S.K.: 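Sharing a structure, written as structure tokens. Questions coming.
If you're wondering where the values come from, they're calculated on a predicted model, not measured in any experiment. Chain letters run A, B, ... following the sequence lines, proteins first, then strands; residues in each count from 1.
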Amino acid sequence: MGVIEYCNVVVNTGTRATDRLYTYKVPDIFIGKIKIGSKVIIPFGKGNKLLEGFVFELKSDREIKNIKGLKYIKDVLNDDIKLSRAQIKLCNWMRDTYLCSFYDAIQCLIPRGTTLKKKKVYRINPNIIGSLISSDEGFDNENKIIQMLMENKMISHNELIKGIGYNCNKYISRLLNKKIIMVEEKFYSDIKSKYKKVVEVNFDPKKIDKVLSNMSNRAYKQIEILKYIARVKRVELKDVIEKTNTSRAVLNALEKKNLIKVVDEKEYRTPVDIDQIERDKVNKLNWEQEIAYANIMKTIRNHRFEKYLLHGVTGSGKTEVYMQLVNNVIKNNQQAIILVPEISLTPQIVEKFLKRFGENVAVLHSKLSLGERYDQWKKIKNNEISIVIGARSAVFAPCDNLGLIIIDEEHESSYKSEMNPKYHTIDVAEHLCRENNAVLVLGSATPSIESYYKAQKGEYKLLELKNRFNKNPLPRVEIVDMRVELEEGNKAIFSRKLYDSMKNELLSNKQVILFLNRRGYSTFVSCRSCGYVLKCLNCDISLTYHHRKNVAKCHYCGYQREVPRICPECKSKYIKFFGSGTEKVEAYVNKLFPSYRTKRLDIDTTSKKGSLEKIIESFGKREIDILIGTQMVTKGLDFPYVTLVGVLSADITLNLPDYRANERTFQLLTQVAGRAGRHDFEGNVIIQTYSPNNYAVISSKNHDYKDFFNKEIRIRKEFCYPPFYNIVNIIVLGKNERNVIKSANRLFQKIESETGKSKGLNNIQLLGPNPAILGRIKDNYRWQILLKYQSVDHETIKGIINYICNKNKNKYIESNVGLIFDMKPYNIF
DNA sequence: AGCACGCCGACT
DNA sequence: GTCGGCGTGCTC
């Protein structure tokens with residue numbers, strides 16, 4: 001191989017149109033310094049605009065076909081963010097898997113705020129600087145600008161506005177025309193590394209007496225410092241000054257005498273105050289935990305890639321298993337990533353890890369500042385931290401030495417990104433573990449149908465924890481048929497059973513959690529008398545009620561119908577859209593139980609920073625008797641005095657316009673029920689519903705996951721849903737509605753003909769093009785095309801979509817019409 | 001995205 | 001005969 005003189009760069013132009021590698025020549029000064037993954041500045045396009053890019057490949061002259069006409073790399077930013085080879089591999093994999101651009105993928109892997117921005121800076125034309133004085137009299141503002149530029153060599157546009165005012169543009173352009181001043185563009189980033197000054201001893205500390213004997217008697221402050229520094233050897237500057245009661249001047253004198261060294265050291269901003277946290281001891285595992293632990297440990301020790309599904313009932317002690325696995329991984333000098341559905345909703349698991357592992361844990365959460373995030377990234381990259389805990393984006397933590405990824409509550413939909421690229425955390429984690437010969441552990445009390453199916457097929461190794469950690473029984477679950485309540489004259493949202501139980505528990509000083517599920521934007525049409533729900537005949541999905549047109553619509557295939565006046569099933573007139581009215585629940589509870597303390601836990605009451613923690617804390621201290629909450633109460637809460645959980649209506653999730661509605665219901669009911677009776681007191685759960693015979697409701701009452709799985713998997717097969725079939729959603733969007741519709745139609749036809757031509761593709765369903773349910777977002781019209789096909793055909797279909805939509809985009813798509821791909825949609829909204 | 005090239009109509 | 005409208009295509 002010849003000398004590395006060329007490199008292939010991904011350029012950040014901000015469009016998909018330039019989503020490929022561009023070859024640049026490496027100037028001599030950068031040969032050897034430029035690495036794969038380096039951030040570079042390159043000239044691009046006709047105007048040679050300077051842009052940021054990342055080196056994806058290095059090439060020798062022999063490997064480059066078309067050498068003439070190449071431009072040169074302008075700069076290599078070695079102090080900036082750098083991608084590892086593994087990360088570049090991950091980018092390529094993401095682009096291939098999710099049909100996103102290189103830069104979409106890169107954006108996931110680097111800390112936010114590190115993408116360089118540009119600003120205009122002005123300076124005086126150096127050629128005229130001598131002849132400037134006393135000319136141009138009478139132009140006050142122009143002179144003022146010149147004055148400012150004489151004082152500071154360079155001034156940004158913003159600073160000029162501050163000094164002169166918003167009308168400064170016209171003076172600037174006059175000065176530019178007269179060639180008195182010049183403009184140029186400068187790169188900057190929102191994040192700067194923070195440095196601290198550190199003092200180091202610069203003589204042999206053992207020979208301190210000799211050094212001291214050479215000091216003047218008058219230099220008592222210097223002597224003080226020398227004694228101190230000989231003992232500690234290295235200390236932060238501000239600490240020496242404080243401890244020895246001296247000043248910077250004294251240090252300067254010592255520095256001059258070469259007795260100490262003052263160095264800049266990168267300082268990390270630490271978002272968690274570790275000292276405040278008391279440490280926790282290792283708990284002994286019970287035999288079920290021990291089996292799971294030993295199984296996984298064996299693979300970790302062998303450095304083999306393997307995927308485990310840890311199916312453990314609520315309260316079975318999965319976290320303790322996680323922590324002991326992590327402990328072994330870090331002892332091996334490897335890194336571990338622990339993913340949780342949402343960091344703010346799972347403070348208890350985060351706390352457990354901090355108590356066990358202290359400052360070796362990086363907690364990545366959405367409230368970190370850009371600087372904190374950047375520091376954590378660098379710390380992980382430099383292998384100074386071994387454990388990363390965070391929500392889905394933490395899967396991209398730059399661990400070069402990965403041994404283990406744990407995904408807790410793996411069934412949660414928050415692991416699916418709804419931003420571009422619309423990745424699934426489990427897929428990314430799987431890829432990373434495969435590349436690193438690491439182990440992936442998916443944990444859940446209610447595994448997703450897809451994961452459990454994979455476990456059955458042997459793709460995941462299944463490990464089970466069937467008992468609660470402290471041998472407590474699972475709570476007793478009762479179903480209340482709300483149709484009967486209506487029949488017997490109770491039109492209230494509380495059944496008599498739930499009301500009585502609440503009264504009982506509260507009287508004996510216990511706590512109650514009420515769970516209600518509010519999904520404002522999607523309501524369904526149902527009969528309060530018989531429980532009948534309007535569904536799509538093709539898709540077996542609840543129809544969504546649209547207020548404006550008074551119609552019910554299918555989100556999958558676009559089928560729509562009028563809302564009937566009387567129930568087609570039982571002829572009653574109680575058929576209408578399912579009103580949430582959930583804001584009223586709190587008021588209603590207050591009216592029913594005026595002497596008890598009630599608190600609501602939802603997005604409204606927890607939007608303020610720290611308010612969620614506050615509510616949970618005071619609930620833990622039993623300052624609240626009744627906690628009313630949305631999904632937030634289903635996760636992770638672990639309080640001994642909670643003996644009753646009431647689900648106000650299982651129907652809201654049961655009738656989500658989604659093929660996962662039953663799965664979601666089973667998961668939610670099981671999770672929320674798991675909050676009751678975790679410690680010394682027995683737990684009770686009451687589920688109110690209009691569909692008491694639904695299999696999801698019944699299996700969750702019986703705590704029977706397998707029963708639910710067996711019924712659900714049959715329906716998935718029958719109605720052609722995952723895991724047997726896969727769905728792809730292509731969103732066509734743009735500001736011009738006519739162009740969007742035109743493109744969507746052309747795209748649809750092309751996909752139809754291409755998939756028709758491909759041999760061996762059976763049972764493909766193409767739905768659309770339909771306007772997306774949220775038809776207009778940020779001034780963009782959105783239409784969508786859904787493809788449903790057998791999972792085995794995924795690669796073929798992906799190839800066809802990529803060929804039509806990316807490689808030949810401008811043949812079928814109008815300019816300024818964009819495409820977004822969702823290769824595994826969770827929500828068709 | 002931007003920027004140049006190019007083909008067509010309006011106007012000095 | 002020239003100026004400028006915007007559709008088209010490329011960016012190492």
S.K.: Just checking, any donor-acceptor pair under 3.5 angstrom between side chains of A:T23 and A:E57?
M.R.: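 On atom types as modelled, these side chains do not qualify, holding no pair under 3.5 Å.
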S.K.: A quick test of your reading: do over 12 heavy atoms of other residues, nucleotides or ligands sit less than 6.0 Å from NZ of A:K71?
M.R.: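 For A:K71, atom NZ is crowded (more than 12 foreign heavy atoms under 6.0 Å).
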S.K.: In whole angstrom, what separates A:K809's NZ from C:dG9's P?
M.R.: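 In whole Å, C:dG9 P and A:K809 NZ are 14 Å from each other.
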S.K.: Between P on C:dC12 and CZ on A:F44, what's the gap in Å once rounded to a whole number?
M.R.: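 Value for this atom pair: 5 Å.
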S.K.: Under 3.5 Å, is there a donor-acceptor pair between the A:K811 and A:N808 side chains?
M.R.: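 Looking only at side-chain atoms, A:N808 and A:K811 do form a donor-acceptor pair, the distance falling under 3.5 Å.
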S.K.: Would you please confirm or rule out a distance under 4.0 Å between OP1 or OP2 of C:dT11 and any side-chain N or O of A:R20?
M.R.: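 Answer yes for this pair, as a side-chain N or O of A:R20 is under 4.0 Å from OP1 or OP2.
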S.K.: A:L51 CG to B:dC3 C1': how many Å, rounded?
M.R.: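 Checked: the CG to C1' distance equals 13 Å.
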S.K.: Among B:dG2, B:dA1, B:dA4, which nucleotide has an atom closest to any side-chain atom of A:T15?
M.R.: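 The answer is B:dA1, which lies nearest to the side chain.
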S.K.: Output the rounded distance in Å from OH (A:Y24) to C1' (C:dC12).
M.R.: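 Distance check: A:Y24 OH to C:dC12 C1' gives 5 Å.
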S.K.: What integer distance in Å separates A:L50:CG from B:dG2:C1'?
M.R.: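 My rounded result for the distance is 15 Å.
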S.K.: Side chains of A:K381 and A:Q87: is there a donor and an acceptor less than 3.5 Å apart?
M.R.: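 Looking only at side-chain atoms, A:Q87 and A:K381 do form a donor-acceptor pair, the distance falling under 3.5 Å.
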S.K.: Assign each of A:N816 and A:K46 to its nearest nucleotide of DNA chain B by heavy atoms, then name whichever residue's nucleotide is nearer the 5' end.
M.R.: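 Closer to the 5' end of DNA chain B: A:N816.
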S.K.: Measure CG/A:D61 against P/C:dC12 and give the value in whole Å, please.
M.R.: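 Rounding to the nearest Å, CG of A:D61 and P of C:dC12 are 21 Å apart.
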S.K.: Please report, rounded to the nearest Å, how far the C1' atom of C:dT8 is from the NZ atom of A:K811.
M.R.: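 It is 15 Å, rounded to the nearest whole Å.
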S.K.: Between P on C:dC12 and NZ on A:K74, what's the gap in Å once rounded to a whole number?
M.R.: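 Taking NZ of A:K74 and P of C:dC12, I get 15 Å after rounding.
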